Amino acid sequence: MTDDLTLAFHGAARTVTGSCMEFRQDGRRLLVDCGLFQGSRTLETLNRTAFPFDAAEVDAAILTHAHIDHCGLLPRLVAEGFAGELWCTAPTADLLEFMLADAGRIQESDTARRNRRKDRAGQPEIVPIYTEQDAIAAWRRARPVEPESWFEPVPGFRARLWNAGHILGSASVELEIGDVHLLCSGDLGPEHKAFYPDPASPAGFDHVICESTYGDRKRAHLTLAERRALLEREIRDALVRGGNLIIPVFALERTQELLLDFAALIDESRIPSVPVFIDSPLANRATSVFAKYAGSLEDMGGANVFRHAAFHFVNDVAESIRLNSVSGAVIMAASGMCEGGRVRHHLRHNLSRQDSTILFVGFQAQGSLGRVILEGAKRVRMSGEDIAVRAQIRRIDSYSAHADRDGLLAWIEARRPIGGSLFLSHGETTAIDSLRRIARSRDLSASIVAPEMGEVFRLSAGTPAARTKTADPERRQAVGRDWQNSYADFATSLKRELAEIQDSNSRQRAIDDMRAVLESYKKVREKRAARRP
């Protein structure tokens with residue numbers, strides 16, 4: 001007797017990070033992606049919780065692309081017993097060597113830094129989720145395959161990879177498991193994105209799983225020339241202010257697109273030939289992979305733009321620190337959501353400067369430091385330090401590597417007919433709900449599902465999916481803005497709010513009132529503990 005095919009969502013459901021889907025039939029298990037959770041501290045704790053499956057029982061994994069929110073937990077998967085192969089395109093395999101090793105180094109260095117913080121004195125030491133050695137072991141399991149060619153990652157599971165137009169090597173995953181025909185979009189790029197042709201894959205499926213990152217947003221569809229005009233204006237305005245232009249970037253793709261545009265603007269004398277520092281060893285290594293595949297990329301103009309004389313690739317830590325003394329420069333540094341990496345160092349030295357500019361060019365997830373800054377925080381807390389936000393905060397939305405609402409709808413339309421269910425994942429709730437409403441109004445599928453983390457569905461040919469397991473409460477509660485974001489907001493404004501109270505007696509009463517509230521919660525905890533057997 002054949003077991004039913006099931007699909008479990010272990011991440012990127014009602015949130016945009018931690019992508020991980022598990023397909024299971026006849027005791028065989030296939031993962032599509034195994035990504036790191038990024039955002040609020042509560043969401044990131046899921047990176048340390050037990051996998052919802054036994055890593056040693058997973059037969060294989062297919063990777064849609066090399067972004068850390070799609071591949072960043074592979075080292076931990078391998079360390080915990082996964083012995084299968086990681087199937088992906090050749091560019092993805094090349095990028096994984098650098099992306100995973102860097103992630104391992106970050107895990108080790110961030111853990112060491114957190115353990116040294118004064119506010120952690122006396123607490124148990126934190127251990128890294130995985131090490132650089134674990135990351136290299138995971139990369140060695142990568143198995144490149146040609147796009148649009150069938151392969152069998154697991155006996156009885158057939159797969160093909162299709163261009164997703166998102167980043168170098170990105171793919172949608174077509175699956176045939178028994179008599180069920182499926183398609184996982186992966187992350188989809190917008191139409192006419194730099195470097196790549198538009199996303200493509202076949203039509204006619206039983207079930208389609210589609211990302212929804214920008215499901216509630218319609219962007220202006222700019223040409224390459226129009227996008228460069230926007231960037232030119234932001235650069236000129238920033239340089240007039242006299243300070244630095246700090247651009248938080250994703251090391252992979254966003255950095256290379258910006259370099260393409262900076263080179264064009266400088267060569268056409270539309271902006272001064274100011275030094276452009278790329279302060280991210282990972283971005284520098286990723287750029288070398290782009291150079292390797294430059295011959296297959298669009299919009300390059302026949303030149304290797306990544307070797308432009310204005311570009312200064314910073315690898316050494318001491319050289320990065322020396323950038324503290326510069327003014328009037330462009331500094332591009334990872335990570336794109338400001339959750340780690342060298343950009344935090346540059347934010348600490350530039351957020352409080354009125355003459356500096358912080359330019360966001362990518363998606364900022366709920367709970368991330370980038371999102372907090374972008375939403376207008378007057379002060380932020382970084383590494384136990386309160387920092388005033390006086391810099392100019394700017395945003396360009398035309399560099400997104402994701403399709404917007406209209407692009408997603410057009411992609412889904414082109415995949416019809418969908419005989420079973422359309423799953424909308426990899427998006428925040430507002431984005432998913434907006435996309436689902438329009439998809440229903442257009443009758444794109446009779447069954448449209450917005451899964452939550454931990455839910456499991458039975459999949460059959462030509463019929464809607466049936467939920468067999470409800471959401472995991474712990475994972476559901478981790479989604480969105482958390483108490484630590486609220487605490488950071490409260491803590492950074494507390495001293496100022498107290499100082500604005502006119503007399504010292506009233507300030508003391510306010511402090512006493514706050515202490516009384518905390519004491520009341522402490523007494524409730526003690527009463528509950530006393531009632532336990």
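Fair warning: this is a prediction, and the values are worked out from it, not measured in the lab. All heavy atoms count here, side chains included; hydrogens, waters and symmetry mates do not.
- Side-chain contact between Val305 and Leu259 is absent, with no heavy-atom pair separated by less than 4.5 Å.
- For the pair Phe363 and Val16, the tightest heavy-atom approach, listed with the atom from each and the gap, is CE2-CG2, 3.5 Å.
- Scanning both residues, Gly370 and Gln364, for their nearest heavy atoms gives CA-OE1, 3.2 Å.
- Ring-plane geometry between His70 and His65 is classed as tilted, the angle between the planes lying from 30 to 60 degrees on a 0 to 90 degree scale.
- Legend: ring-ring contact (aromatic ring centres under 6.0 Å, His included) pairs involving residues 319-351, not counting sequence neighbours, sorted by first then second residue: His345-His349.
- Rounding to the nearest 0.5 Å places CG of Asn284 at 12.0 Å from CZ of Phe306.
- Pairs engaging residues 231-283 under the ring-ring contact (aromatic ring centres under 6.0 Å, His included) rule: Phe277-His312 [sequence neighbours left out].
- Pairs engaging residues 182-197 under the salt bridge (Lys or Arg N to Asp or Glu O under 4.0 Å) rule: Lys193-Glu253, Lys193-Glu257 [sequence neighbours left out].
- Taking each heavy atom of Leu424 and Ser212 in turn, the nearest pair found is CB-OG, 3.5 Å.
- Remark: the Thr357 side chain and the Arg241 side chain contain an N/O donor-acceptor pair separated by less than 3.5 Å.
- For residues 333-347, the set of pairs meeting the salt bridge (Lys or Arg N to Asp or Glu O under 4.0 Å) definition, not counting sequence neighbours, comprises Asp279-Arg342.
- The shortest side-chain heavy-atom distance between Ser201 and Trp411 falls under the 4.5 Å cut-off.
- Met337 CE to Leu369 CG: the interatomic distance, rounded to the nearest 0.5 Å, is 12.0 Å.
- Aromatic ring pairs are classed by plane angle as parallel below 30°, tilted from 30° to 60° and perpendicular above 60°; the pair His166 and His67 is perpendicular.
- Taking the ring axis of Phe51 as reference, the NZ or CZ atom of Arg76 stays within 45° of it and closer than 6.0 Å to the ring centre.
- Ion pairing of Arg217 with Asp404 is absent here, as no side-chain N (NZ or NE/NH1/NH2) approaches a carboxylate O to less than 4.0 Å.
- For the pair Gly186 and Glu211, the tightest heavy-atom approach, listed with the atom from each and the gap, is O-CG, 3.4 Å.
- Within the 4.5 Å cutoff, no side-chain heavy atoms of Ser280 are placed close to those of Thr255.
- Looking at Gln256 and Phe195, their side chains come closer than 4.5 Å, going by heavy atoms from C-beta outward.
- Side chain to side chain, Thr131 and Asp134 meet the donor-acceptor criterion of an N or O pair below 3.5 Å.
- For the atom pair NE2 of His426 and OG1 of Thr213, the computed distance is 4.5 Å after rounding to the nearest 0.5 Å.
- The side-chain heavy atoms of Arg114 and Thr111, taken from C-beta on, include no pair separated by under 4.5 Å.
- Note on residues 360-374: pairs passing salt bridge (Lys or Arg N to Asp or Glu O under 4.0 Å), not counting sequence neighbours, are Arg371-Glu375, Arg371-Glu428.
- Nearest heavy atom pair, residue Leu100 against residue Ala135, reads O-CB, 3.0 Å.
- Note that CD1 of Ile412 and CZ of Arg415 are 9.5 Å apart. Values are rounded to the nearest 0.5 Å.
- By the 4.5 Å heavy-atom criterion applied to side chains, Leu351 and Ile373 are counted as neighbours.
- The aromatic rings of Phe423 and His207 lie tilted to each other, with the angle between the two planes from 30° to 60°.
- Leu161 pairs in a side-chain contact (heavy atoms from CB on, under 4.5 Å) with only one of the listed residues (Thr64, Val173, Thr92), which is Val173.
- Of the residues listed (Glu148, Glu146, Glu174, Glu152), the one engaging Arg160 in a salt bridge (charged side-chain N to carboxylate O under 4.0 Å, His left out) is Glu174, and it is the only one.
- With a 4.5 Å cut-off on side-chain heavy atoms, Leu74 and Leu63 count as touching.
- Atoms OG and CG, on Ser170 and Asn163 in that order, are 6.0 Å from each other to the nearest 0.5 Å.
- At a threshold of 4.5 Å between non-hydrogen side-chain atoms, the residues Leu188 and Ser172 count as touching.
- Phe157 is linked by a ring-ring contact (aromatic ring centres under 6.0 Å, His included) to nothing, counting only residues two or more places apart in sequence or in another chain.
- A side-chain N or O of Asn350 and one of Ser356 form a donor-acceptor pair less than 3.5 Å apart.
- With values rounded to the nearest 0.5 angstrom, Leu245 atom CG is found 8.0 Å from Ile358 atom CD1.
- Under 4.0 Å is where a charged nitrogen must lie from a carboxylate oxygen, and between Arg228 and Glu232 no such pair does.
- Evaluated for a side-chain contact (heavy atoms from CB on, under 4.5 Å) with Thr17, the options Leu43, Leu36, Leu46 yield exactly one hit, Leu43.
- Residues Asp94 and Phe98 approach most closely at O-CD1, 3.9 Å, considering heavy atoms.
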